Structure formats: C-alpha cells, structure tokens
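Working notes, structure below.
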Amino acid sequence: MIAFDLLTGFLGSGKTTLLNAFLQLEAGSDTAVIVNEFGAIGLDQLVYQEFSDDVYLLDNGCLCCTVTHSLRETLLEIKNVAGRLDRPPLRRVVIETTGLADPLPVLHALLGDKLLMQHFSLGQVITTVDAVQGAEQLSLHLESRRQVSLAEHLVLTKIDMAAPEQLAELRRHLQHINPYAQVTLSAIGQAARSVFTSPSSEHRPLGLPRTEQSIDQYPLQHTRHQTAHTHADDISTWSAYLNTRPTWVGVSAWWHLLVQHFDSRLLRCKGLIHMDDQRPFAMIQGVGKVFHSPTFLQVWPDEDPRGRIICIGMGLDPVWLQESLRALTLTEASYRPRTLNELDKCF
Ligand SMILES: Nc1nc2c(ncn2[C@@H]2O[C@H](COP(=O)(O)OP(=O)(O)OP(=O)(O)O)[C@@H](O)[C@H]2O)c(=O)[nH]1
C-alpha cells in the first residue's frame, strides 16, 4: 500500500514551502508529489523537481472540478512506477491541490474508487493556514473554510511573521471551525518532518476524515465552478510570459502599482523571472498585499527560457495587467506609479 496525503490550504499559505522542505529530508526520499495549480502556467513543479524525481503535474484545471480523472490516471501510473525493482522504494504520495480547491470532492472521488483503494490508503488531509492572513482569508473565502474544516492536520505557517495576538485570534477561528484537527506551528517549512510523518497518517482505516460533519455549517457553493479558471466570488487567474528582463526597482514599482490598483482583490502572485541582475534567476511571491522575499535559483529550472508571471484575484483585468508589465523594467527607484497614466509618465 502507498499512503497518500492531501495537502491543501488557501492561496499562498505555504503548501509548497512545507512539502519542499520535506522532500529535502531523508524521510521524504520515498515520496512522490502530484501538483495541481490554478492557472495556465504552473511553477510549483519546478520547485519540487530540484529535490525529487517523482513529480507529476496534473493537467491544467482545478482538481476538485475538472481533473479528478487525470489524478486517477496519475496515481495508477505512480503505482506502476513504485512496483519497479530498479528504483528506490516509493511509499507515499502527497497531492498538493490548488489554493482554491475543495478537498471533499477529491476525497470522495479517490476513496470511492475501488481499484485505486487496492493500492493506496489515505494518510492525512493536511491544511496549511497563513498565520498572518489566515483569519481574514477564513472570513472572506468559503474555500479557505472548507479546507480547514476537512483537515486532520492544520499547519499554521509563517509563525515567524505573525504577532502573538494574530496567532491567538487565528487559533480561536480554527478551533471554532474544526476543533478536532491536530495543530502544528511552522516557520519556513521547519515542521515538515513532524507534519508528514505524523503517527496519525499511518494505518488509519479507510474513510472520510472525522471532521466531515462540521462542514455542514457552511453551505456548499462550490458548484458555481464554470471553467478551470473560474471559482466562486469571481476569482480568476491571469498569466503572461515576459519578453524583457525586469529590474528589482521595476519589480518593486510593479508590485506597488498592482496593490494600488487591486487592493484586497489581489490574492496571489508568483513569478519565475530572468532578472537584469547579478543573481538573474528569481522566484517572486506575493500573497495578498504581502510581497515575500524572493528566492534565487542557481540555474534556470525549465527548458522554456521565458520568464513568467501568474496572478490570481477577483475582477482581474487582463488588458490592465498586460499594460502594467511595463513597470518591470523601470530603473529609477523614485518612480512609484499608482496608475497606468502615472506609469506612462515614467518613460
Ligand atoms: N516567512 C515565511 N514565509 C513563508 C513561510 N511559508 C511560506 N512562506 C512564503 O510564502 C510564499 C508562498 O508560499 P508557498 O509555499 O508558495 O505557498 P503555496 O500555498 O504553495 O502557494 P500556492 O500554491 O500559490 O497556493 C513564499 O514566498 C514563501 O517563501 C513561512 O513559514 N515563513
């Protein structure tokens, strides 16, 4: 039997960081990863590929709506790969859902599949919650509440950034939504080992998580999914390839412009960028209005040499976003455009 964990959590809450930290440990060496991203251009698999050969990217689309079939095929492929004698053992699969996925239909689809369940057993449903922005996300987004309510293991991430009172407030919210889950605190993935090797993940009989009842408090509006790119509350994704080399001054100006324009409608932004800088290969990350420290890569992680940017939010305007990219090449630090008109004047 191969155990599978479902790793979920709202946009930017630290799923990739946690799992990537685990893959770098000896304990994670027998783990395959299945990634599902929201949007046309995926980046997470590039992060994982640095530390694992067993990374599977699902078709573009949302796991809970459109790609369950693709997940099934991928798991069967992993079963075959795991059976090969010429490779190290494979004992665990972690399925990272998109930050907007509802884990319940995914669990139903997997646990109700007799063939799959001959080879796989459910480990844990792990939900990451951003210690700084989690309380707001829970109050604003049904997806976030559903992810928390289904979890057996809640991982409060970014505790290095959170004030004690923020953490206390978040814990009160979580206790209310899901009083049964095990809670682990984590800073920069440091709890990865204890999360993924938690005893509760082993030898558990098949069945839905015991917290299933608690989700009844929240109406299921998830059937509003229309396409792979549309979620509740008009959340959509936009992505673009870059044909320029951004500067750090430009990235900062662009982020400022974005936050001014979209304010709290901007939920997530990430980019793999070939910078005009001594350290040229960078991953940039924005969660809500917080711009996280970029990470630098030794080598460009993909065959495709183009930089790329992905934004997720409510009411995103693709034309406006495309125009905004011009800010990325600004070189004058005093330029802080708040509108596209102001950006025009910077050139
Ligand atoms: N300071 C700090 N930053 C963190 C921590 N966990 C994650 N981050 C940062 O938060 C940003 C988002 O983290 P990810 O791990 O990509 O989040 P995710 O949930 O996989 O994001 P999506 O797949 O887009 O939903 C990155 O810039 C991370 O470096 C943490 O514990 N502390």
Side-chain angles (χ1 to χ4, degrees), residues 5-24 33-51 55 57-58 60-64 94-103 126-134 137 141 143-144 147-148 151 154-163 166-167 170 183-196 229 231 235-239 251 255 266-273 282-297 301 308-313:
D5 293 334
L6 203 58
L7 174 61
T8 181
F10 200 67
L11 294 165
S13 57
K15 301 177 288 298
T16 308
T17 303
L18 188 72
L19 180 51
N20 200 29
F22 183 61
L23 295 178
Q24 293 174 50
V33 173
I34 301 179
V35 198
N36 176 222
E37 283 202 80
F38 190 62
I41 303 175
L43 288 184
D44 288 351
Q45 83 281 7
L46 300 177
V47 176
Y48 293 133
Q49 273 160 6
E50 197 180 342
F51 299 104
V55 180
L57 179 66
L58 290 186
N60 170 33
C62 186
L63 195 52
C64 60
V94 181
I95 304 165
E96 181 189 336
T97 72
T98 74
L100 292 171
D102 178 354
I126 300 163
T127 301
T128 51
V129 185
D130 185 321
V132 179
Q133 302 190 63
Q137 290 164 346
H141 301 289
E143 288 91 344
S144 172
Q147 292 162 351
V148 165
L154 290 170
V155 184
L156 276 52
T157 60
K158 310 187 191 180
I159 58 159
D160 52 311
M161 296 171 64
Q166 270 177 320
L167 208 50
L170 178 59
V183 177
T184 298
L185 306 185
S186 186
I188 320 175
Q190 128 258 74
R193 180 196 300 275
S194 67
V195 170
F196 288 103
H229 291 247
H231 262 254
I235 296 175
S236 61
T237 179
W238 169 87
S239 49
V251 169
W255 182 253
L266 183 65
L267 299 176
R268 182 76 169 109
C269 174
K270 47 190 169 180
L272 171 65
I273 303 189
M283 295 274 269
I284 60 164
Q285 305 262 9
V287 181
K289 290 188 240 176
V290 177
F291 190 81
H292 283 276
S293 307
T295 44
F296 295 95
L297 312 170
R308 58 209 83 164
I309 281 185
I310 298 141
C311 293
I312 301 172

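Both ligands and their constituent atoms are indexed starting at 1 by order of listing. All of these numbers come straight from a predicted model, not from anything done at the bench.
- A side-chain contact (heavy atoms from CB on, under 4.5 Å) with Cys311 is found for one member of Cys269, Ser239, Ser236 and no other, namely Cys269.
- With a 4.0 Å heavy-atom cut-off, ligand 1 is reached by the side chain of Asp160 but not by its N, CA, C or O.
- Judged by distance alone, the side chain of Gln166 and the main-chain N or O of Gly134 form no donor-acceptor pair under 3.5 Å.
- The aromatic rings of His141 and Phe10 lie parallel to each other, their planes meeting at an angle below 30°, with 60° marking the opposite boundary.
- Among protein heavy atoms, atom 25 (O) of ligand 1 sits closest to Lys15 NZ, 2.8 Å.
- When only non-hydrogen protein atoms are considered, atom 17 (O) of ligand 1 lies nearest to Gly14 N, 3.0 Å.
- In the vicinity of Leu11, heavy-atom distances shorter than 4.0 Å reach the ligand 1 atoms 25 (O).
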* To do: Before giving the answer on side-chain contact (heavy atoms from CB on, under 4.5 Å), spell out for Leu272 and Leu297 the whole-Å C-alpha distance, their side-chain angles and the decisive distance to 0.1 Å.
  => CA-CA 10 Å; Leu272 171 65; Leu297 312 170; 3.6 Å; yes

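- Per-residue contacts place Ala187 under 4.0 angstrom from the following atoms of ligand 1 (heavy atoms of the residue considered): 31 (O).
- The CE atom of Met161 lies 7.5 Å from the CD atom of Gln133; values are rounded to the nearest 0.5 Å.
- Panel note: side chain Arg308, backbone Gly271; no donor-acceptor pair is recorded below 3.5 Å.
- Counting heavy atoms only, Lys270 comes closest to atom 22 (P) of ligand 1 of the residues Gln285, Lys270, Lys158, His292.
- With respect to atom 30 (C) of ligand 1, the closest heavy atom belonging to the protein is Ile188 N, 3.1 Å.
- For atom 13 (O) of ligand 1, the candidate residues are Ile284, Thr17, Leu19; the nearest heavy-atom contact is made by Thr17.
- Using a 4.0 Å cut-off to heavy atoms of Glu96, the atoms of ligand 1 that qualify are 20 (O), 23 (O).
- Taking atom 20 (O) of ligand 1 as the reference point, the nearest protein heavy-atom neighbour is Thr16 OG1, 2.6 Å.
- Relative to atom 12 (C) of ligand 1, the option among Arg268, Gln190, Met283 with the closest non-hydrogen atom is Arg268.
- Side-chain contact annotation: Thr157 with Thr128, donor-acceptor N/O pair under 3.5 Å absent.
- A distance of 8.5 Å separates CD of Glu96 from CG of Asn36, quoted to the nearest 0.5 Å.
- Look at Gly12 and you'll find a heavy atom under 4.0 Å from some atom of ligand 1.
- When heavy-atom distances to ligand 1 are checked against a 4.0 Å cut-off, Met161 comes that close only through its side chain, counted from C-beta outward.
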* Dump the intermediate steps for side-chain contact (heavy atoms from CB on, under 4.5 Å) on Ser186 and Leu18, then the final yes or no. => CA-CA 8 Å; Ser186 186; Leu18 188 72; 4.0 Å; yes

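- For ligand 1, one of its N or O atoms has an N or O atom of Ser13 under 3.5 Å away.
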